[in-house]
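Every chain is numbered from 1 and lettered A, B, ... according to where its sequence line falls, protein lines coming before strand lines.
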There are 2 protein chains.
Amino acid sequence: MSHTSGVRQARKQQTRQALLDAGLRLLEHQNLSSLGLRELTREVGVSPAAFYRHFPDMADLGVALVDEALGSLHTVIRAVLTETADADELIDRTVAITAAYVTEHRPHVRFIARERHGGVTAVRTAIAAELDRFADEVAAGLGAQPASEGWPADDLHVLAELYVDHMVMTAAAFLEAPPDDPAAHDRITHAARLRLRIISIGRLHWLDPAVRQAATRG
Amino acid sequence: MSHTSGVRQARKQQTRQALLDAGLRLLEHQNLSSLGLRELTREVGVSPAAFYRHFPDMADLGVALVDEALGSLHTVIRAVLTETADADELIDRTVAITAAYVTEHRPHVRFIARERHGGVTAVRTAIAAELDRFADEVAAGLGAQPASEGWPADDLHVLAELYVDHMVMTAAAFLEAPPDDPAAHDRITHAARLRLRIISIGRLHWLDPAVRQAATRG
DNA sequence: GAAGTCAGTGAACAAGTGTTATCCGAAACG
DNA sequence: CGTTTCGGATAACACTTGTTCACTGACTTC
């Protein structure tokens, strides 16, 4: 075994990371399906053949980027869900965290938004799987709240998916605004909070007798 | 002038349409930014140079596709908004129309979902402009309803954007499911209706005194 | 019916592309 | 300290790419 030594392995992961970083840089104005292997290695300052030492495919590079972009978010989501009790506070924290994540990891978020429905199947399914895990975690968090009494698990999961999709759509909105435009930033924040509140209120009144009757009617 | 005669103009628009159709066909597994000019003209059976007689750019072809995909939807949206009074019926019709549009215009919808955040700026902004117009129309429709009394115009527009984004996200969900899977189709339909009902209920209770206090607090 | 318009052609241009086989040199190992 | 491992370089492979130019021939116009 040689997993402890690693001056070589360190250098290898170093250029692997350089490939990922350069890829992210080039993907700011481009889709993954149009990112060339030579273009990428040229940006890194490495021979084209070197690419194959790290990834068999461009799609594989994309999947690695998905991990980098979304992998670290699971712990954050779980933390927010368990730490926060008050509904309004949870909304505010969620929007604030989304905003912060976009400003701090703009290229990653752009990559996710761009490739979520992009042309590379492997990447698309990797993103979908990650977002599904998010929805599962949110559903679990919602289930632990007293406000979820009487909710079927399926419906709760639909609600969780709505929250996740809303998070993605808010991130995309932040993305489209210029990074240094505080007015636009505030406008998007306000809109996101408003929408989350509407959804939250709808959730609370969902099991009202009159509503329940109307819902089960169709 | 020669806009009445047009045996030539007819032939021209014919191959122009062939370019658009072939483009849509090739974009099923690809992004616009990676669609080659030669690849496209080869599919149509036309020389590469002929492309320039119809579009200066690939981006221009993309913008034309946006028009083709979303242009005809405005009248549909306006019709549904004005014809339907009952809230539940409006939800059902909206979801049904979305589902029908995806099954009937699958390649167009896929194109929109794929290029909404894609790498071609002109196309991205064209889609955004079209969706903004949708939101304006929805906002106008909502404003005409009695349930919107007491809503500020800005908040109403945010709500309209939520509806439009929800429509797009539902269309994308239908897209990801196999076209001939009735179970998946029903599952997505059910989820879309549930989410729309939650939003609708939240909207109705938005101006409740207790809610209003909490909302204006922050 | 002659003159003009113009969608589409065919050829050439200079780059660009992914992928492979072979070799080099420094790190790892016994 | 010799041997093996392996990340990276080099060079060549056979294509594909966008764009331009002069040209042809059917339609339009007068």
Other residues, nucleotides, ligands: >12 heavy atoms within 6.0 Å of A/Gln13 CD: no
Those residues of residues 18-36 of chain A lying under 4.0 Å from DNA chain D by at least one heavy atom: none
Separation of C/dG18 P from A/Leu61 CG (nearest whole Å): 12 Å
B/Ser34 side chain to A/Ser33 side chain, donor-acceptor N/O pair below 3.5 angstrom: yes
Distance, rounded to the nearest Å, where B/Phe51 contributes CZ and D/dC21 contributes P: 18 Å
Each stem that DNA chain C is part of, given as range with range (3 or more consecutive Watson-Crick or G-U pairs, under 3.5 Å): C:1-12 with D:19-30, C:14-17 with D:14-17, C:19-30 with D:1-12
B/Asp21: partners by side chain to side chain contact (heavy atoms under 4.5 Å, CB included), with sequence neighbours left out: B/Gln17, B/Arg25
Under the ring-ring contact (aromatic ring centres under 6.0 Å, His included) test, residues paired with B/His29 that sit two or more places apart: none
Phosphate OP1/OP2 of C/dT20 contacted by A/Tyr52 side-chain N/O (<4.0 Å): no
Protein-nucleotide distance (A/Glu39, atom CD; C/dG18, atom C1'), rounded to Å: 13 Å
Under 4.0 Å protein heavy-atom contact, by nucleotide of nucleotides 6-12 of chain C - B base, S sugar-phosphate only: BBBBB-B
A/Phe55 CZ - C/dT19 C1' separation (whole Å): 18 Å
Gap between atoms CG and P, on A/Leu37 and D/dA9 respectively (whole Å): 13 Å
Set of residues satisfying side chain to side chain donor-acceptor pair (under 3.5 Å) with respect to A/Arg53, sequence neighbours excluded: none
Of all pairs that satisfy side-chain hydrogen bond (donor to acceptor under 3.5 Å, both in side chains), the ones with a partner from residues 111-129 of chain B, not counting sequence neighbours: B/Asn31-B/Glu115, B/Arg116-B/Asp165
Contact list for residues 99-109 of chain A, test side-chain hydrogen bond (donor to acceptor under 3.5 Å, both in side chains), sequence neighbours left out: A/Glu68-A/His108
Set of residues satisfying ring-ring contact (aromatic ring centres under 6.0 Å, His included) with respect to A/His185, sequence neighbours excluded: A/Phe174
Results of side chain to side chain contact (heavy atoms under 4.5 Å, CB included) for B/Asp67 - residues two or more places apart only: B/Glu130
Sequence-distant partners of B/Tyr163, ring-ring contact (aromatic ring centres under 6.0 Å, His included), two or more places apart: none
Interatomic distance, A/Arg42 CZ vs C/dA15 P [rounded to whole Å]: 13 Å
Ring pair (Phe, Tyr, Trp, His ring centres under 6.0 Å): pairs with one or both residues in residues 71-90 of chain B, sequence neighbours excluded: B/His74-B/Phe134
